[in-house]
Amino acid sequence: MNSVIIVAAGKGKRMNKDINKQYIKLLDKEIIYYTISAFDKNENIDEIIVVISENEKDYFYENILNKYNFTKSIKVVFGGKERQDSVLSGIKALDKMCKIVLIHDGARPFIDNNIIDSVIRETKEHKAVVVGVPVKDTIKVIDEKNYIKTTPERKFLWAVQTPQAFDVDILKESYKKAYKDNYYGTDDSMIVERCSYKVKMILGSYENIKITTEEDLYIGEEILKRRR
Ligand SMILES: Nc1ccn([C@@H]2O[C@H](COP(=O)(O)OP(=O)(O)OP(=O)(O)O)[C@@H](O)[C@H]2O)c(=O)n1
Ligand SMILES: C[C@](O)(CO)[C@H](O)COP(=O)(O)O
């Protein structure tokens, strides 16, 4: 059984709007609608868990869950202070039959059906898989005073996205260790990497952006227009 945890319990501070960024509309529908739909339509996803903020429960049911006719049943749980805490809430809600778990940002609405399939297929072989894209810019590592320390070789630099997918036992073990060590990472792969598991990077898409700041809304609408 393949499950996806969609984390949508953030505050969206960098978006700087009154409303949680996931409920902002791109063209005529909310960002989180597009994200849930992508997994709802994928025939290899058996379970969908959406992690929301407890204080947005009524809003989510009224404006998303009860409004759109998703085909699959959606399990809703409440998130925590950090992204990692929200993922943990999702992990706790997984069905006992789950073997592969995908973790995806609610704020990445343009995830492609073929990429979801590839992630699942590759996770069967490699147990831990993330999607990403080669960086296009030259990346600099700087010091506290903004002087450049080093320039890593670009051919080894990829920007990581979601979904990130794992064998469920590996993910649970790695999360347990992270909390035991009071370790917080900014993606799920970091949690698994520090337990010495090898994580495979596969090619995602430059369109699989995370809606983070206001200009991403304009880019997002253009992506949608091109797809329609
Ligand atoms: N406590 C948190 C923090 C983040 N997320 C989710 O993790 C995804 C990626 O995080 P990010 O884009 O950083 O969202 P926010 O944390 O909401 O944004 P910001 O850092 O600007 O406040 C988002 O879909 C967000 O809702 C979450 O579920 N719970
Ligand atoms: C998980 C992630 O989307 C991979 O790029 C990213 O690390 C989330 O980070 P954020 O700090 O929550 O934006």
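Counting starts at 1 for both ligands and their atoms, following the listed order.
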| Nearest protein heavy-atom contact for atom 13 (O) of ligand 2: which residue, which atom, what distance? | K210 NZ, 2.6 Å
| query | Does the pair R83/D105 count as a salt bridge with the N-to-O cut at 4.0 Å? | reply | yes
| note | Under 4.0 Å from one or more heavy atoms of D187, ligand 2 contributes atoms 1 (C), 7 (O)
| request: Go through the steps for T213 and E215 under the test side chain to side chain donor-acceptor pair (under 3.5 Å), then give the verdict. | output: CA-CA 6 Å; T213 53; E215 62 273 17; 3.0 Å; yes
| message | I'd like to know if L102 and F110 are part of one continuous hydrophobic network [Ile/Leu/Val/Met/Phe/Trp/Tyr, side-chain heavy atoms within less than 4.5 Å]. | response | yes
| task | Please determine if R228 and D28 form a salt bridge, counting it only when a charged side-chain N lies under 4.0 Å from a carboxylate O. | result | yes
| message | For atom 7 (O) of ligand 2, what's the nearest protein heavy-atom neighbour? Residue, atom name and distance, please. | response | T186 O, 2.8 Å
| Side chains of V101 and I91: closer than 4.5 Å at any heavy-atom pair? | no
| In terms of atom number and element, which parts of ligand 2 are under 4.0 angstrom from non-hydrogen atoms of R108? | 2 (C), 3 (O), 4 (C), 5 (O)
| query | In chain order, what residues pass the salt bridge (charged side-chain N to carboxylate O under 4.0 Å, His left out) check against K67, with sequence neighbours excluded? | reply | E30
| query | Considering residues, nucleotides and ligands other than K92, do more than 12 of their heavy atoms fall under 6.0 Å from its NZ? | reply | no
| query | Of all the non-hydrogen atoms in the protein, which one sits nearest to atom 12 (O) of ligand 2, and at what distance? | reply | R83 CD, 4.0 Å
| task | Starting from atom 3 (O) of ligand 2, locate the nearest protein heavy atom and write down its residue, its atom name and how far away it is, to 0.1 Å. | result | D105 OD2, 2.5 Å
| query | Does Y68 have K29 sitting over its ring (NZ/CZ under 6.0 Å from centre, angle to axis within 45°)? | reply | no
| task | Please step through side chain to side chain donor-acceptor pair (under 3.5 Å) for the pair E193 and S189, ending with a clear verdict. | result | CA-CA 6 Å; E193 286 160 46; S189 170; 2.3 Å; yes
| remark: Less than 4.0 Å from some atom of ligand 1, heavy atoms are found in residues V7, A8, A9, G10, K11, G12, K13, R14, K21, Q22, G80, K81, E82, R83, S86, D105, G106, A107, K210
| note | atom 4 (C) of ligand 2: closest protein heavy atom, distance to 0.1 Å, is V160 O, 3.4 Å
| query | So which protein heavy atom does atom 11 (O) of ligand 2 come closest to, and at what separation? | reply | R14 NH2, 3.8 Å
| field | Side-chain donor or acceptor of T212 paired with backbone N/O of K210 under 3.5 Å | value | yes
